[in-house]
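If you're wondering where the values come from, they're calculated on a predicted model, not measured in any experiment.
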Amino acid sequence: MRISKFLKLNLKGTFSPLKFAMIILFILYGLSLIVGDLNKEIQGEIIKVYDGDTITLFQNQEKVKIRLYGLDAPELNQRFGKEAREYLLSLCPLHAQAKVKIIDKDKYKRVVGIVYCNGINVNEKLVENGFAWAYREYSNDYVVLENKARKNTMGLWGEANPLKPSEFRRKQ
């Protein structure tokens, strides 16, 4: 069925090209509000590194909490948690500039994104060097890097039985 016939049937003969265009524009505007800042980049000064996968940027006079996309680093009170945080700080020191490619927002309203410091993809480096797991529940982007780190016993993969952060949190 052609769209014009569908609209005539459902709008009881009130179809006009102008109304159709207005409906389409309204729908597109609504979608832009829902999607918002996704797939956009922000840049700012790193003012806090919480742990191995969460930082805060100061951007446009406000604080923006960032959760690194596609990885899960050990919690601070977990084995290798402090090392993961220190490694993240070595890549992105306090007061350094960072660029974030926004992927999503999480249930805590944090921006979820890929962080770049000094042109380095920080997310990749954390997984590649064994400071975080590829977070398969949300992405497969870093699985190859995790497997390489495991094979080379990098970072936490040098431990006998490293515990996934999600399992650690569940046991708390």
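- The shortest side-chain heavy-atom distance between V115 and I66 falls under the 4.5 Å cut-off.
- Y142 and Y69 have perpendicular rings, their planes meeting at more than 60° on a 0 to 90° scale where under 30° would count as parallel.
- When hydrophobic clusters are built by joining Ile, Leu, Val, Met, Phe, Trp and Tyr residues whose side-chain heavy atoms come closer than 4.5 Å, directly or via intermediates, V112 is grouped together with I42.
- Separation of atoms CD (E83) and CG (L76) is listed at 10.5 Å; rounding is to 0.5 Å.
- One finds the NZ atom of K65 at 14.0 Å from the NZ atom of K109 (value rounded to the nearest 0.5 Å).
- Using a 4.5 Å cut-off on side-chain heavy atoms (C-beta onward), Q172 and N77 make contact.
- Atom CZ of F168 sits in a crowded spot, with more than 12 heavy atoms from other residues, nucleotides or ligands closer than 6.0 Å.
- Using a 4.5 Å cut-off on side-chain heavy atoms (C-beta onward), P165 and Y135 make no contact.
- Between the N140 side chain and the V143 main chain, no donor and acceptor come within less than 3.5 Å of each other.
- Rounded to the nearest 0.5 angstrom, Y50 OH and L88 CG are separated by 12.5 Å.
- Within 6.0 Å of CG in N152 there are more than 12 heavy atoms belonging to other residues, nucleotides or ligands.
- A donor-acceptor pair is defined here as one N or O able to donate and one able to accept, closer than 3.5 Å; no such pair exists between the side chain of N129 and the backbone of G155.
- Checked by atom type and distance alone, the side chain of N123 pairs as donor or acceptor with a backbone atom of G113 at under 3.5 Å.
- Considering CG of D53 and CZ of R110, their distance stands at 7.5 Å, rounded to 0.5 Å.
- When all heavy atoms of W133 and L156 are compared, the closest pair comes out as CZ3-CD2, 3.5 Å.
- Closest approach of E41 and K101 over heavy atoms only: CG-CA, 4.0 Å.
- The pair E146-R150 counts as a salt bridge, with a side-chain nitrogen and a carboxylate oxygen less than 4.0 angstrom apart.
- Counting heavy atoms from C-beta on, the side chains of R67 and D72 come closer than 4.5 Å.
- A heavy-atom distance below 4.5 Å is not found between the side chains of T54 and L68.
- Here the straight-line distance linking atom NZ of K125 with atom CZ of F131 works out to 12.0 Å at 0.5 Å rounding.
- Taking every heavy atom of both residues into account, C117 and V122 meet most closely at N-CG2, 3.9 Å.
- Note that K63 lies outside the cation-pi zone of F58, set by a 6.0 Å cut-off to the ring centre and a 45° limit from the axis.
- Between G130 and A149, the shortest heavy-atom distance links the atoms N-CB, 4.0 Å.
- A side-chain contact (heavy atoms from CB on, under 4.5 Å) with C92 is found for exactly one of V49, I120, I46, namely I46.
- Within the model, atoms CG of L57 and CD1 of I55 stand 4.5 Å from one another, a figure rounded to the nearest 0.5 Å.
- Remark: the backbone N or O of E75 is paired with a side-chain donor or acceptor of Q78 at under 3.5 angstrom.
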Inset, instruction - Decide yes or no on side-chain contact (heavy atoms from CB on, under 4.5 Å) for L89 and L94, but give the supporting numbers first. - result: CA-CA 7 Å; L89 270 166; L94 292 177; 4.1 Å; yes

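- Between Y87 and L126, the closest side-chain pair of non-hydrogen atoms falls below 4.5 Å.
- Of the possible donor and acceptor atoms, none in the side chain of Q43 sits under 3.5 Å from a partner among the backbone N and O of K99.
- For the pair R79 and P74, the tightest heavy-atom approach, listed with the atom from each and the gap, is O-CB, 3.6 Å.
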